[in-house]
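All remarks here apply to the structure that follows.
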Number of protein chains: 2
Amino acid sequence: MSEADAARRPTVYDVAQEARVSIASVSFAFRRPDKLSDATRERVLEAARRLGYAPSAAARGLAHGRTGTLGLHAFDLLLERADPLTQTPSFTDLAMPRLDADGVIPWAQTDDDVLSDPRAFPLYVDEVQRGFELECWALGRPVMLSSGAGTDVSVADTAGRVDGLAIFPSPQTAPALARYAPTIPIVLFSAAPGDDHHHRVRVDNAGGMRALADHLVREHGIRDIAFVGRPEASDTAERLIGLQDGLADLGLLLRPQVVDATVRGEDDLVPQLRALIAGGRMPQALVCATDQHAFAVLDTLAAEGLRVPEDVVVTGFDGTLAARLSSPPLTTVRQPMEAMGRAAARILAGVAGPADRPFDVVFEPRLVVRRSCGCPG
Amino acid sequence: MSEADAARRPTVYDVAQEARVSIASVSFAFRRPDKLSDATRERVLEAARRLGYAPSAAARGLAHGRTGTLGLHAFDLLLERADPLTQTPSFTDLAMPRLDADGVIPWAQTDDDVLSDPRAFPLYVDEVQRGFELECWALGRPVMLSSGAGTDVSVADTAGRVDGLAIFPSPQTAPALARYAPTIPIVLFSAAPGDDHHHRVRVDNAGGMRALADHLVREHGIRDIAFVGRPEASDTAERLIGLQDGLADLGLLLRPQVVDATVRGEDDLVPQLRALIAGGRMPQALVCATDQHAFAVLDTLAAEGLRVPEDVVVTGFDGTLAARLSSPPLTTVRQPMEAMGRAAARILAGVAGPADRPFDVVFEPRLVVRRSCGCPG
DNA sequence: TTGTACGCGTTATCAC
DNA sequence: GTGATAACGCGTACAA
C-alpha cells in the first residue's frame, strides 16, 4: 500500500464512536489526561489503539495556531553538493534501479562508488544541519527539511509549515525572506550583518583568516599570497578582507588579483591557475575561500604537476571532514558547525534567552594546521 | 523576535480584504491561476506580497487530506550516536554557551573538539538519511525528521504529520507500527522479512557475510573465527547466520560462543575480550556485526597491547566513513546507504511502481578489504 | 465528569 | 469570473 491507496485515517470522531464517548473526551484523553476518569480514559486510549488513530498534526496546528515544527531550508543544495572537478553526474541524472522486481539489486546499480565520496558528504551544511537536528530532538521538536531554488514559492511553502525557519541564505534570498520575517522567526547561517531583522548565527570569518595569515607568514615565511574564491558571497568577502588585514598588520600585501572561482567551477579555476603557472607567476600560497575551492585547486595543481606544499601552499576554510582526507591533508579554518546548528535551533525554539532584539551569535573559528601549508601534520 | 511574539500570520481573509476580493479568489490566484482574470490575479498576488502572506500548510493539509510531507523516524538515535569507548558526554549533557551575550563565543565553549569525531558522524543512519533527503528534494517533497523512544506517542505524533513514514526500527517497534500501517505507508530499513504489511528496504546481510567469510578463509587462511555482536537485532542475526553458513560451506565451524556486545557496550565487550586474551583463547579473527562494534574492539585490543591484523584480524559491517579512518583501516561490508534512503523515499512517494503488494527491496552489499584483515590496502 | 458548539485557514462546490 | 458557504479534524470554552 503506497501513499495513494492508504485507508482513510481515523479521526477523533471514529475513536469517540468506538469508545462510546464524545470527541471532547477523546481529545482530553490525549491532552488533559487528568480531566478524565481513569475508566473512560483507558477506554478511549484502547479504542484509539485499536483504530490506529494518530492525531492529525494539520488539524492540531490549525486549531492551536502553531505547528510545533522547526524548519531548515537550504537553497540550491543539490548544486553545491556536486564535486567540482570530477564531473560527478548530477544527482538527478542517476538512474534508479527498478524497485518492484524480485531479487537482489546488484551493487553496480546503486551508484554507491561515485556517491560515497567524502568530498560530497558531509559538507559544511551537513554538519550544521546535524547540529540543528540534534538540538531539535533534544528539545522534542520535529524538524522539517526543505530545499529549493530560493524562489518565493519554495520559501513560502516551508514558512507555512513551521514555527521558525533556519536558512542557508543565497545572495538572491533577501527579498523573499524579508517578506516572512514578521511572520515567523528566521535564522540566517553565515550571513554578514545586515539591517534586516533576522537572527544570525555565524563565525568570525575575518578573525579566522587573520589567524591563518599569521601562521603562514610567521611559521612558513610566506610573503606572496593570492586569494581563491568569489568575493560576491558575503562570507567570502569577509574572509578576503580578513586576509588582507591580517597581512597588512604584518606589513604585507595580498595579491590584488583574486583567483575568481565558483565552487563547482573548473570553468574559471583551471585556466586561471594554468595562466599563473605558465606565466611563472604562481604565488607562494593559494588561500582558498572554502575547503571545496581548495580541493578543486589541489586537483588542478596535481594535474599540472605541481607539488603541495613544496611548490605552492594551499589552504581551505570550513574544516570539513574531507579536508582531513585530501592529499595532502588540508590546512584550514574550522567552523564549529554542530554548535552553530544547535544555536539556531535554540533561538527558534525560544530557549536561547529573551529576544528583545535579533540574536547575532558569532562563534570563534579555529585554525587547523596540516600538511598542505608545510606543517608536519 | 522569537517564536513567541511573532506577529499573527496573514490569512486569505487579510489578503482578500486588502485586494478587495473574496477569499475564493485569493485561493484561486495561487492554485488555479487560469480561473481568474489577469487583473484580479495580479491584484491578489500583489496584496499577498505586501502582507507577506504564506498559505498555511496546516490548513491546506486539513482541507486537502494530506500534508505532502514524507517522514523519517529514528528510534533512540541519540543513544546510538554516542561513541562506545571514549565516554563522550552524552549529547544532552553538553552545556550550551550563552547566545544572548555580545562578542565572539570562544572555541572552547563549542565542544567541537569532542563532537567532530567521524566515529559519531556520519553513521549508517546518517548516510541513509541523506539519501532519503536527496530523493525527497528531487521529488519536491519536504522531509520531516523525528526521533523518539519508540513509544506510541512519538510515533503517532510523527505519523500524524506525514503522508508516509520511513523508519529505522528497534526491536520493540513492531506493535506501535502495526497500528499505523493501514493508515499511512511505512518503510522499514534493515528489517528482516516479516508478515506485517510494511515495505522493506534492506541488504543481503547473509550474502555480505558469506563474501567476507570467503575472503578471510581463502585469502588469509583463517580458520578460527568468533562473531562479535548482539544477535537479538534481526539484521545482526542475519549476519551471524550468513557467517556460519559461509564457513560451513568451506568446511569450517564458527565459534559457538559469540562475543555478546551492545554498540555502546564497554560493559560487556572489554571483560569478554580480556577473558579471551587471558585464557589464550583469542580467535584468529573477530568478525563484528557493525563497524561501531569493530571500533570498540579495535580500541580494546589496542589497550590490551594486541596488534591488528598481526595478532588478530578484525572486520566490521556497514562501510561507514569512519571505517576508512580507523587504524588500521577497517575491512568491512559496505551497504549502499544512499541508494537505500532514496529507494525508501520513492516507495513512499508512490513513484516506485505499482504497489499491489509491499515492496521488499534488497540491495547487494559489497566487501571492502583494507588493512584490518591483513590485506595491503 | 462529559457533551455541544464554535473557531482555526484552506480548498472545493456551488450559485450568481 | 467572482462570491458565499460547507467541509476538513482538533482544541476548548461553556453548558449540562
Side-chain angles (χ1 to χ4, degrees), chain A residues 6-45 47-48 51-68 156-157 159-163 183-184, chain B residues 6-45 47-48 51-69 153 156-157 159-163 183-184:
Chain A
R8 195 181 72 84
R9 290 148 97 120
T11 73
V12 272
Y13 297 98
D14 301 319
V15 178
Q17 187 171 25
E18 175 86 6
R20 307 170 54 90
V21 296
S22 77
I23 61 161
S25 303
V26 177
S27 185
F28 278 153
F30 286 90
R31 306 277 151 234
R32 313 291 308 268
D34 50 309
K35 290 251 174 200
L36 238 50
S37 74
D38 288 4
T40 38
R41 175 157 37 80
E42 232 358 278
R43 197 145 43 92
V44 170
L45 292 178
L51 267 41
Y53 166 74
S56 148
R60 183 187 319 164
L62 188 53
H64 198 247
R66 51 176 68 241
T67 63
D157 186 64
R161 297 170 180 274
V162 298
D163 293 337
T183 291
I184 55 168
Chain B
R8 196 180 71 83
R9 290 150 94 121
T11 73
V12 272
Y13 296 100
D14 300 320
V15 178
Q17 187 172 24
E18 175 86 6
R20 307 170 56 91
V21 295
S22 77
I23 60 163
S25 303
V26 177
S27 185
F28 277 154
F30 286 90
R31 304 279 152 232
R32 313 294 308 267
D34 50 308
K35 290 257 177 194
L36 236 50
S37 73
D38 287 6
T40 36
R41 175 156 34 80
E42 234 354 279
R43 198 145 44 92
V44 170
L45 292 178
L51 268 40
Y53 165 76
S56 150
R60 182 182 323 164
L62 184 54
H64 199 246
R66 52 177 62 237
T67 64
T69 306
V153 204
D157 185 66
R161 297 171 181 275
V162 299
D163 293 338
T183 291
I184 55 170

Have T69(B) and R161(A) got a donor and an acceptor in their side chains that come within less than 3.5 Å?
yes
Is S25(B) near enough to dG1(D) that one of its side-chain N or O atoms lies under 4.0 angstrom from OP1 or OP2?
no
dC10(D) P sits how many Å from R161(B) CZ, rounded?
13 Å
For dG9(C), does OP1 or OP2 lie under 4.0 Å from any side-chain N or O of S56(B)?
no
Could you say whether H64(B) or R20(A) is positioned toward the 5' end of DNA chain C, judged by the nucleotide with the nearest heavy atom to each?
R20(A)
For the pair R66(A) (side chain) and D163(A) (backbone), establish whether a donor and an acceptor sit closer than 3.5 Å, ignoring hydrogens and angles.
no
Please determine, for the side chain of S22(A), which listed nucleotide (dG11(D), dT2(D), dT4(C)) has the closest atom?
dT4(C)
Between C1' on dT2(D) and CZ on F28(B), what's the gap in Å once rounded to a whole number?
9 Å
Do the side-chain N or O atoms of S37(A) get closer than 4.0 angstrom to the phosphate oxygens (OP1, OP2) of dT2(C)?
yes
Distance, rounded to the nearest Å, where L36(B) contributes CG and dG3(D) contributes C1'
11 Å
To the nearest Å, how far apart are K35(A) NZ and dC14(D) P?
12 Å
Nearest to the side chain of P55(A), heavy atoms from C-beta on, is which of dA4(D), dC10(D), dG9(C)?
dC10(D)
Closest heavy-atom pair, V44(B) versus A29(B), reported as atoms and distance to 0.1 Å, is CG1-CB, 3.5 Å
With respect to the side chain of V12(A), which nucleotide from dT10(C), dG9(D), dG3(D) is positioned closest?
dG9(D)
Regarding R31(B), tell me which of base, sugar-phosphate or nothing describes its non-hydrogen contacts under 4.0 Å with the strands shown.
sugar-phosphate
Report the distance from atom CZ of R60(B) to atom P of dG9(D), rounded to the nearest whole Å.
17 Å
Whole Å only: how far is the CG atom of L62(A) from the P atom of dC8(D)?
14 Å
Would you kindly give the CG-to-P distance between D14(A) and dG9(D), to the nearest whole Å?
8 Å
Closest-nucleotide mapping onto DNA chain D: is A57(A) or R41(B) further toward the 5' terminus? I mean the 5' end.
R41(B)
Does dG9(D) have OP1 or OP2 sitting under 4.0 Å from an N or O in the side chain of T11(A)?
no
Pairwise side-chain contact, D157(B) with R60(A), heavy-atom cut-off 4.5 Å (strictly under):
yes
Quick note, V21(A) side chain, CB onward, closest among dG7(C), dA12(C), dG3(C) is dG3(C)
Evaluate the criterion side chain to side chain contact (heavy atoms under 4.5 Å, CB included) for residue pair E18(A) and V26(A); output intermediate values, then yes/no.
CA-CA 10 Å; E18(A) 175 86 6; V26(A) 177; over 6 Å; no
Nearest to the side chain of S27(A), heavy atoms from C-beta on, is which of dC10(D), dG3(C), dG11(D)?
dG11(D)
Between atom CZ in F30(A) and atom P in dG9(D), what is the gap in whole Å?
16 Å
Contact class for Y53(B) vs. all strands (heavy atom < 4.0 Å): base, sugar-phosphate, or nothing?
sugar-phosphate
Select base, sugar-phosphate, or nothing to describe what V26(A) touches, counting heavy atoms under 4.0 Å on all strands.
nothing
Just to be sure I understand the rule, does I23(B) reach a base, reach only the sugar-phosphate, or reach nothing, if contact means heavy atoms closer than 4.0 Å?
base
So, is Y13(B) near the phosphate of dA4(D), with a side-chain N or O under 4.0 Å from OP1 or OP2?
no
What distance do D34(A) atom CG and F28(A) atom CZ have between them, rounded to the nearest 0.5 Å?
9.0 Å
